[in-house]
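In what follows, chains are A, B, ... by sequence order, proteins preceding strands, each numbered from 1.
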Protein chains: 2
Amino acid sequence: MIVLLKRMFPAMRVKISGLDPHQQYYIAMDIVPVDNKRYRYVYHSSKWMVAGNADSPVPPRVYIHPDSPASGETWMRQVISFDKLKLTNNELDDQGHIILHSMHKYQPRVHVIRKDCGDDLSPVKPIPSGEGVKAFSFPETVFTTVTAYQNQQITRLKIDRNPFAKGFRDSGRNRMGLEALVESYAFWRPSLRTLTFEDIPGIPKQEHYLYPRA
Amino acid sequence: MIVLLKRMFPAMRVKISGLDPHQQYYIAMDIVPVDNKRYRYVYHSSKWMVAGNADSPVPPRVYIHPDSPASGETWMRQVISFDKLKLTNNELDDQGHIILHSMHKYQPRVHVIRKDCGDDLSPVKPIPSGEGVKAFSFPETVFTTVTAYQNQQITRLKIDRNPFAKGFRDSGRNRMGLEALVESYAFWRPSLRTLTFEDIPGIPKQEHYLYPRA
DNA sequence: TCTGACACCTT
DNA sequence: GAAGGTGTCAG
């Protein structure tokens, strides 16, 4: 049986300073609920709205950065990327992957754990707390989980930026923001021409509603 | 009984020159198939793709501009708007509305018809051809028919521009193009901060796929 | 995919 | 105030 799991894209990437260069550390990530709510995406306003209370909590998991443990010097020299971290909504996952509910909001946290505090670190155990452990989180990295993208701009973003999605890219098409789209709408430029014009490349055709009789 | 039909929005608007000011003319529009294909919208690439052959043709209809007939002078003095033209997918329509298939591509055409050539013009009769009749079409006005919008940018465009959709407008939210969205994505700006930042207003949260085991 | 009741708005 | 043009959303 194939295990299908998604990485986060874009991955969280951090740079650390202030470590003791000669001390050994583990670096880990966990992902915690932002609130107690379930969300739905409201298409017409392009916004996430509360749709009820959160589903019951799932076993918390920890992603241990694969370079762990390493010296402070090593950690500080590199950009630390969490691109191998995988998400699943399978509550029965026994591979130590991070389990989340769909349609909930989450916050990733980065943990820096001095080696002596982290030697029994495990994907399925709580992260230790105490003097040798520090957690960092950035509100701008809050995200909402989905099983299908709700927002086409996000789809485009993933396609444009994720090397694994290269196959879905257009050559220069569909890269337009709203302003360019408005600009391109021929109907707004009243004119009468007897010449025929080429299609403007990359501009989605207008769509018009049809409506049957009531 | 209320008859529900959709207008095209934005409406086609044209300006005409070169008419005989003292001659009377009819102005009309029809909408013809661009090709023999049916389309589907491919979400991941934001593109329309051929999905098979066109449905069988529907009775062609003609929209006669309500100011018709009028003198060349009158027509040339105004912007001629086709905003009252209505579309339906009801093949049994007997109100003379323009009948189209959903998920097909169409091209509107403007016809300028000298009065003596157009006196038996009717929504349900073919447009006469001959020396006193001229047709104009603009490839940039090709459109695809839908019964529900496929592309969120088009929805936003209609909401932003159509006075009748004012009720769906947000005050300043959701007006971002792709560039601003990319700019806002914190994951691309590797950093480690111990401060917490406020949410950037108006920026949709990241979404991440979850994937269950197959 | 398509429909129809709906709230909200313009005309 | 009435008629009618919007996208919405649940089915």
Side-chain angles (χ1 to χ4, degrees), chain A residues 38-52 103 146 148-153 178 181-182 185 187-188 204-214, chain B residues 1-13 29 37-44 46-56 58 63 65-67 78-79 81-93 95-106 108 143-175 204:
Chain A
R38 179 173 235 285
Y39 287 81
R40 74 192 173 94
Y41 189 75
V42 181
Y43 183 92
H44 78 256
S45 57
S46 303
K47 271 190 322 211
W48 289 96
M49 309 273 275
V50 171
M103 311 305 271
V146 298
Y149 294 132
Q150 310 288 306
N151 178 324
Q152 290 169 359
Q153 292 189 88
L178 182 60
L181 191 68
V182 170
Y185 267 66
F187 284 134
W188 275 296
K205 292 288 182 252
Q206 177 65 280
E207 296 169 20
H208 288 304
Y209 260 131
L210 290 174
Y211 223 102
R213 285 205 273 166
Chain B
M1 184 172 71
I2 297 170
V3 177
L4 286 174
L5 295 148
K6 293 279 180 184
R7 297 178 173 184
M8 287 207 282
F9 185 88
M12 182 109 171
R13 298 163 77 236
M29 175 170 285
K37 299 298 176 191
R38 180 174 235 285
Y39 288 81
R40 71 191 173 94
Y41 188 74
V42 182
Y43 185 91
H44 76 254
S46 302
K47 270 190 327 211
W48 289 96
M49 311 273 275
V50 171
N53 288 323
D55 298 344
S56 47
V58 288
Y63 173 79
H65 193 284
D67 295 355
Q78 57 177 309
V79 170
S81 172
F82 295 86
D83 61 319
K84 302 240 173 13
L85 180 158
K86 285 177 178 172
L87 305 179
T88 183
N89 62 354
N90 176 12
E91 304 193 21
L92 305 175
D93 174 276
Q95 307 299 301
H97 300 301
I98 291 188
I99 306 169
L100 303 176
H101 285 128
S102 187
M103 311 304 271
H104 291 239
K105 279 197 204 294
Y106 290 97
F143 64 90
T144 309
T145 46
V146 297
T147 55
Y149 293 133
Q150 310 288 305
N151 178 322
Q152 290 168 357
Q153 293 189 87
I154 289 197
T155 311
R156 277 168 61 204
L157 197 53
K158 306 244 182 185
I159 290 170
D160 283 351
R161 300 286 160 155
N162 191 329
F164 293 104
K166 199 169 183 179
F168 298 105
R169 280 178 210 161
D170 285 336
S171 40
R173 278 189 255 284
N174 313 124
R175 296 183 185 268

Worksheet item: Pick from B/D160, B/I159, B/T155: which one makes a side-chain contact (heavy atoms from CB on, under 4.5 Å) with B/F168?
Response: B/I159

Discussion item. Are the side chains of B/K105 and B/Y39 in contact, using a 4.5 Å heavy-atom criterion?
Written reply: yes

Worksheet item: For D/dG4, does either OP1 or OP2 sit under 4.0 Å from a side-chain N or O belonging to B/K86?
Response: no

Worksheet item: For B/T147 and C/dT3, is the shortest distance between a side-chain N/O and OP1 or OP2 below 4.0 Å?
Response: no

Rounded to whole Å, please give me the gap between [atom1] in [X] and [atom2] in [N].
X: B/R169; N: C/dC9; atom1: CZ; atom2: P; value: 10 Å
X: B/R161; N: C/dC9; atom1: CZ; atom2: P; value: 19 Å
X: B/H97; N: D/dG5; atom1: NE2; atom2: C1'; value: 14 Å
X: B/K84; N: D/dT6; atom1: NZ; atom2: P; value: 11 Å
X: B/N89; N: C/dG4; atom1: CG; atom2: C1'; value: 13 Å
X: B/L87; N: D/dT6; atom1: CG; atom2: C1'; value: 15 Å
X: B/N90; N: C/dT3; atom1: CG; atom2: C1'; value: 13 Å
X: B/Y41; N: C/dC2; atom1: OH; atom2: P; value: 16 Å

Consider the side chain of [X], meaning its heavy atoms from C-beta on, and name the nucleotide among [options] that approaches it most closely.
X: B/Q150; options: C/dT1, C/dT11, D/dT6; result: C/dT1
X: B/F164; options: D/dT8, D/dG5, C/dT1; result: D/dG5
X: B/P163; options: C/dT10, D/dG7, C/dT1; result: C/dT10
X: B/F9; options: D/dT6, D/dG7, C/dT1; result: D/dT6
X: B/K166; options: D/dT8, C/dC2, C/dT10; result: C/dT10

Discussion item. Go through it in stages, so that I can follow the logic: the residues are B/Q78 and B/D67, the test is side-chain contact (heavy atoms from CB on, under 4.5 Å), and I'd like the CA-CA distance, side-chain angles, deciding distance and then a yes or no.
Written reply: CA-CA 11 Å; B/Q78 57 177 309; B/D67 295 355; 3.3 Å; yes

Worksheet item: Is it true that the side chains of B/D83 and B/S81 contain a donor and an acceptor less than 3.5 Å apart?
Response: yes

Discussion item. Once you measure the plane-to-plane angle for B/H101 and B/H104, does it fall in the parallel (<30°), tilted (30-60°) or perpendicular (>60°) bin?
Written reply: tilted

Worksheet item: Hey, does the side-chain of B/K6 have a donor or acceptor N/O within less than 3.5 Å of a partner on the base of D/dG7?
Response: yes

